[in-house]
A.B. asks: 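Below is a structure I'd like to ask you about.
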There are 2 protein chains.
Amino acid sequence: MIRNHHFEKVPSRYLFQEIRQKALQFQQKHPEAKLIRLGIGDTTEPIGPYIASQMELAAKNLATREGYFGYGPEQGIPELREAISKTVYNSQVSADDIFVSDGAKCDIGRLQFLFGPDAKIALQDPAYPVYLDSSLIYRGGNITFLPCTPENNFVPDITLAKGCDVLFLCMPNNPTGTVFTRTQLEQIVDYARKHHILIVFDTAYSFYVQGDYPKSIYEIDGAKEVAIEVGSFSKIAGFSGVRLGWTVVPEANRLKSDWMRINGTFFNGASILSQKGGIACLSQEGIKEVQAQVAFYLENTKMLAKAVKEHGFETYGGEHSPYLWARLKGLTSWQTFDMLLEQANIVTTPGSGFGPAGEGFIRISGFATRATVEQAIQNITKIDILTNKR
Amino acid sequence: MIRNHHFEKVPSRYLFQEIRQKALQFQQKHPEAKLIRLGIGDTTEPIGPYIASQMELAAKNLATREGYFGYGPEQGIPELREAISKTVYNSQVSADDIFVSDGAKCDIGRLQFLFGPDAKIALQDPAYPVYLDSSLIYRGGNITFLPCTPENNFVPDITLAKGCDVLFLCMPNNPTGTVFTRTQLEQIVDYARKHHILIVFDTAYSFYVQGDYPKSIYEIDGAKEVAIEVGSFSKIAGFSGVRLGWTVVPEANRLKSDWMRINGTFFNGASILSQKGGIACLSQEGIKEVQAQVAFYLENTKMLAKAVKEHGFETYGGEHSPYLWARLKGLTSWQTFDMLLEQANIVTTPGSGFGPAGEGFIRISGFATRATVEQAIQNITKIDILTNKR
């Protein structure tokens with residue numbers, strides 16, 4: 001029977017499935033242990049009441065002739081696209097260039113069809129595993145890594161992407177939490193323009209950016225010609241289970257009609273209930289609920305940062321992102337993962353799962369209830385002895 | 001800038017986008033005309049009150065700590081998979097082999113990754129355009145057509161698929177409305193087993209099957225080793241906008257771990273709201289609402305069949321499916337489409353859009369309100385003169 005031979009080149013498990021498995025095994029061995037899950041970045045806080053009430057209303061309306069909704073426009077309902085244009089992009093991106101999706105991960109997968117089988121792909125290393133995995137399943141190879149380490153302040157050397165067709169960037173970065181300054185981003189866009197590199201700019205965490213750092217690549221002149229931007233409601237409104245995101249494919253980069261064709265063939269629009277929720281998120285009332293969630297998770301992350309720093313970890317990120325990027329020098333990622341699991345019953349994500357340059361690090365997620373964060377901080381004190389003895 | 005060169009081989013517009021465009025142009029020329037849309041198969045009836053109420057409740061619960069739901073299991077929530085196993089498959093398919101999706105179209109796209117870049121694909125002709133379009137965008141060619149015409153009772157000659165790796169079948173067929181008998185399906189499965197052909201069996205319309213015809217390919221012995229089955233809530237519960245479907249990848253065909261990997265990489269689960277709606281659809285109360293919708297659309301289709309037959313059309317299908325497959329001998333598909341649009345203000349789907357063997361036919365959809373169907377029947381009388389004069 002047929003099999004896609006590219007699977008031989010892909011790790012057999014998705015990173016977060018592997019972590020789940022490890023945590024499960026630990027729990028079976030230690031049924032009394034109360035695991036603290038700071039691994040997968042999954043939202044924990046209930047959706048804001050106004051936003052939820054609008055989805056409730058949408059569901060209710062589906063049972064009425066006036067409110068029933070079948071197939072929507074594949075690009076998403078105009079009201080939502082207008083709201084994204086206005087609220088997220090301050091009207092600097094046209095609603096016509098915005099495509100609503102069922103989440104950033106799904107759109108990153110579909111984007112592979114836009115680039116085709118011969119594309120040469122460049123990735124930040126470390127990076128969200130889906131860029132690499134979807135590229136490998138789609139074309140089996142042709143990947144260039146751009147290492148991001150403390151040595152280069154986690155800002156990739158863009159000249160390493162020379163000869164590549166596509167560069168995936170994520171800002172604020174998952175996992176390192178890095179944001180680029182305006183000047184750094186200008187240099188990247190400039191280089192991409194000169195060398196015909198298409199940038200896929202993942203802004204799933206853009207609402208976490210503080211101060212004057214750019215929140216969208218389209219704040220940079222000329223970016224529309226070379227950049228596609230991916231956005232998500234998952235981490236800003238707790239929509240990881242509701243499923244909603246968007247992708248901007250500007251007219252100026254001439255890929256829009258292909259992208260429309262891909263959306264028409266591989267997708268049938270996000271759920272109407274999620275889309276109505278998205279409109280609510282971006283309303284005056286909803287945006288307050290969104291901002292409160294973002295502030296809550298940022299505070300979690302700061303609390304965790306303080307605790308792990310005090311106990312010997314070197315930490316990065318967490319200021320403009322809900323993730324900490326941390327290491328205990330001398331230990332590998334999985335060693336640190338195991339140690340935290342065993343000594344503090346905390347599940348993290350091993351940095352090596354995000355790429356070779358992530359080796360030695362772990363990612364600690366701020367997506368948790370406050371009680372969980374407080375318990376984690378308490379448990380971290382237990383690892384003192386170990387880190388001192390090492 | 002990069003472009004997927006396969007797009008040169010794909011029609012630039014998705015069929016239903018093209019029809020929408022044509023209808024729009026006609027409407028602009030004839031603003032007074034009241035267009036009757038029997039083209040795209042889009043549900044029109046409000047969702048059953050019980051089913052909608054359960055989605056409403058799910059939305060409400062998302063605002064509570066107890067009812068909040070982030071990322072679900074990528075395979076879908078167990079309760080829904082159990083319900084599909086029990087209600088759709090009479091427990092003959094394990095819930096472990098069922099993967100919940102955001103719709104059949106999306107899963108057909110993702111299935112391409114399972115088959116890989118070198119797969120040789122066989123298709124019924126005519127067929128739902130997504131099989132062909134997704135195959136072309138993914139691998140640019142390698143397609144074999146199995147013609148289905150009145151001459152072979154729309155049952156494909158399976159020996160034409162010899163040497164192919166994958167065969168897409170749809171039953172009840174979209175667009176022809178054909179169902180296979182048990183014996184016919186046994187022969188197909190038998191041939192696939194002997195020649196190592198993987199069957200993708202699309203059952204989006206299986207609830208429309210009447211009497212003793214098989215409703216699932218797994219009713220045939222040995223099918224689990226060679227068949228993947230795709231299902232959908234869109235056409236049975238009016239979920240075309242809610243988005244929910246499933247795919248069965250049985251353990252026995254050894255592709256399950258790759259499929260799990262694809263789901264983990266390219267998908268993040270269907271919306272929790274849609275999944276709760278799906279559970280409601282398959283409950284005792286919900287299934288009655290589902291059956292009522294199916295019966296309603298079938299009745300529409302029968303009314304339309306009678307009308308077009310009386311006015312000179314040769315018609316097929318419509319007994320086990322919400323679609324009629326009809327022709328006026330001597331006219332091409334687009335000629336018939338234009339004639340119906342101009343003379344009766346009815347939008348249909350030109351059969352040639354479903355594949356070369358569809359030439360001469362149109363597809364008439366029974367997805368409409370009763371008032372629309374009655375108006376359509378009235379308008380069809382207007383074309384009498386033309387068909388007689390021809």
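Basis for what follows: all heavy atoms, side chains included, without hydrogens, waters or symmetry-related copies. Residue numbering restarts at 1 for every chain, and letters A, B, ... go by the order of the sequence lines.
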A.B. asks: Do NZ/NE/NH1/NH2 and the carboxylate oxygens of B:Arg261 and A:Asp133 come within less than 4.0 Å?
C.D. replies: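 Salt bridge present between B:Arg261 and A:Asp133.
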A.B. asks: Determine the option with the most heavy-atom pairs under 4.5 angstrom with chain A, choosing from B:Leu244, B:Asn253, B:Thr44.
C.D. replies: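 So the answer, after comparing B:Leu244, B:Asn253, B:Thr44, is B:Thr44.
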A.B. asks: So for B:Ile137, is it side chain, backbone, both, or neither that comes closer than 4.5 Å to the heavy atoms of chain A?
C.D. replies: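 Looking at B:Ile137, backbone and side chain both touch chain A.
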A.B. asks: For chain B, find which of A:Glu74, A:Arg254, A:Glu66, A:Arg20 contributes the most heavy-atom pairs closer than 4.5 angstrom.
C.D. replies: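 That would be A:Glu74.
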A.B. asks: One thing to verify: whether A:Asp258 and B:Arg3 come together as a salt bridge, which I'm taking to mean a side-chain N less than 4.0 angstrom from a carboxylate O.
C.D. replies: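 Salt bridge: yes.
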A.B. asks: Could you tell me the separation between the CE atom of A:Met1 and the CD atom of B:Glu225, rounded to the nearest 0.5 Å?
C.D. replies: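 It is 8.0 Å, given to the nearest 0.5 Å.
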A.B. asks: Among B:Ala63, B:Gly109, B:Gly116, which residue forms the greatest number of heavy-atom pairs with chain A at distances under 4.5 Å?
C.D. replies: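 Max contact count across the listed options: B:Ala63.
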A.B. asks: How far does CD1 of B:Ile197 sit from CD1 of A:Ile2, to the nearest 0.5 angstrom?
C.D. replies: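 Those atoms lie 11.5 Å apart.
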A.B. asks: Classify the angle between the aromatic ring planes of A:Tyr138 and B:Tyr138 as parallel (below 30°), tilted (30 to 60°) or perpendicular (above 60°).
C.D. replies: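 If you compare the ring of A:Tyr138 with that of B:Tyr138, the planes turn out perpendicular.
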A.B. asks: Can you tell me how far apart OG (B:Ser274) and CD1 (A:Ile272) are? Round to the nearest 0.5 Å.
C.D. replies: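 So the OG of B:Ser274 and the CD1 of A:Ile272 are separated by 11.0 Å.
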A.B. asks: Rounded to the nearest 0.5 Å, how far does CZ of B:Phe267 lie from CG of A:Asp102?
C.D. replies: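 The CG atom of A:Asp102 sits 6.5 Å away from the CZ atom of B:Phe267.
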A.B. asks: Between chain A and each of B:Arg65, B:His196, B:Glu56, count heavy-atom pairs under 4.5 Å; write down the option with the most.
C.D. replies: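 Ranked by contacts with chain A, first place is B:Glu56.
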A.B. asks: Just verifying a value: how many Å separate A:Phe113 CZ and B:Gln112 CD, rounded to the nearest 0.5 Å?
C.D. replies: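 The CD atom of B:Gln112 is 7.0 Å from CZ of A:Phe113, to the nearest 0.5 Å.
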A.B. asks: Pick whichever of A:Gly269, A:Pro117, A:Ala119, A:Gly103 has the most heavy-atom pairs under 4.5 Å with chain B.
C.D. replies: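 Between A:Gly269, A:Pro117, A:Ala119, A:Gly103, the count favours A:Pro117.
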A.B. asks: Which atoms of B:Ala270 are under 4.5 Å from chain A, going by heavy atoms: the side chain, the backbone, both sets, or neither?
C.D. replies: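 Backbone of B:Ala270 only, per the 4.5 Å heavy-atom cut-off to chain A.
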A.B. asks: Are B:Tyr71 and A:Phe239 an aromatic pair by the rule of ring centers under 6.0 Å?
C.D. replies: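 No, the ring of B:Tyr71 stays outside the 6.0 Å limit from the ring of A:Phe239, centre to centre.
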A.B. asks: Is it true that atom NZ of A:Lys276 has more than 12 heavy atoms of other residues, nucleotides or ligands lying nearer than 6.0 Å?
C.D. replies: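 Atom NZ in A:Lys276 is not crowded, with 12 or fewer foreign heavy atoms closer than 6.0 Å.
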A.B. asks: Do you know which of A:Ser134, A:Pro46, A:Gly277, A:Gly238 has the most heavy-atom pairs under 4.5 Å to chain B?
C.D. replies: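 Going by pairs under 4.5 Å, I would pick A:Pro46.
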A.B. asks: Has A:Ser271 got a side-chain atom pairing as donor or acceptor with B:Val242's backbone, closer than 3.5 angstrom?
C.D. replies: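 Side chain of A:Ser271 to backbone of B:Val242, a donor-acceptor pair under 3.5 Å: yes, one is there.
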A.B. asks: Does B:Asp42 use its side chain to pair, donor to acceptor, with the backbone of A:Gly70 at less than 3.5 Å?
C.D. replies: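 Not confirmed, B:Asp42 side chain does not pair with A:Gly70 backbone.
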A.B. asks: Donor-acceptor pair, distance only, cut-off 3.5 Å: does the side chain of A:Lys105 make one with the backbone of B:Gly264?
C.D. replies: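 Such a contact is found between A:Lys105 side chain and B:Gly264 backbone.
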A.B. asks: Hey, which of A:Arg139, A:Gln275, A:Met55, A:Lys120 has the most heavy atom pairs under 4.5 Å with chain B?
C.D. replies: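 Most heavy-atom pairs under 4.5 Å with chain B: A:Met55.
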A.B. asks: Do B:Tyr68 and A:Ile47 have side chains that approach each other closer than 4.5 Å (heavy atoms only, starting at C-beta)?
C.D. replies: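 In contact.
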A.B. asks: Using the rule given for side chain to side chain contact (heavy atoms under 4.5 Å, CB included), can you reason through B:Phe7 versus A:Ile262, listing the C-alpha separation, both sets of side-chain angles and the distance that settles it, and then say yes or no?
C.D. replies: CA-CA 10 Å; B:Phe7 277 105; A:Ile262 290 167; 3.4 Å; yes
A.B. asks: Count the heavy atoms belonging to other residues, nucleotides or ligands that lie under 6.0 Å from CZ of B:Arg370, then report whether that count exceeds 12.
C.D. replies: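 Atom CZ in B:Arg370 is packed in, count exceeds 12.
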A.B. asks: If you count heavy-atom pairs under 4.5 Å with chain B, which of A:Ile40, A:Val166, A:Thr64, A:Ile51 comes out on top?
C.D. replies: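 Top option by heavy-atom pairs under 4.5 Å: A:Thr64.
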A.B. asks: Using a cut-off of under 4.5 Å on heavy-atom pairs, state which of A:Leu198, A:Asn61, A:Leu15, A:Asp107 scores highest against chain B.
C.D. replies: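 Most heavy-atom pairs under 4.5 Å with chain B: A:Leu198.
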A.B. asks: Once rounded to the nearest 0.5 Å, what's the spacing between atom CZ of B:Arg243 and atom CG of A:Asn268?
C.D. replies: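 So the gap between those two atoms works out to 4.0 Å.
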A.B. asks: Would you say NZ of B:Lys60 has more than 12 non-hydrogen atoms from neighbouring residues, nucleotides or ligands within 6.0 angstrom?
C.D. replies: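 No, not enclosed.
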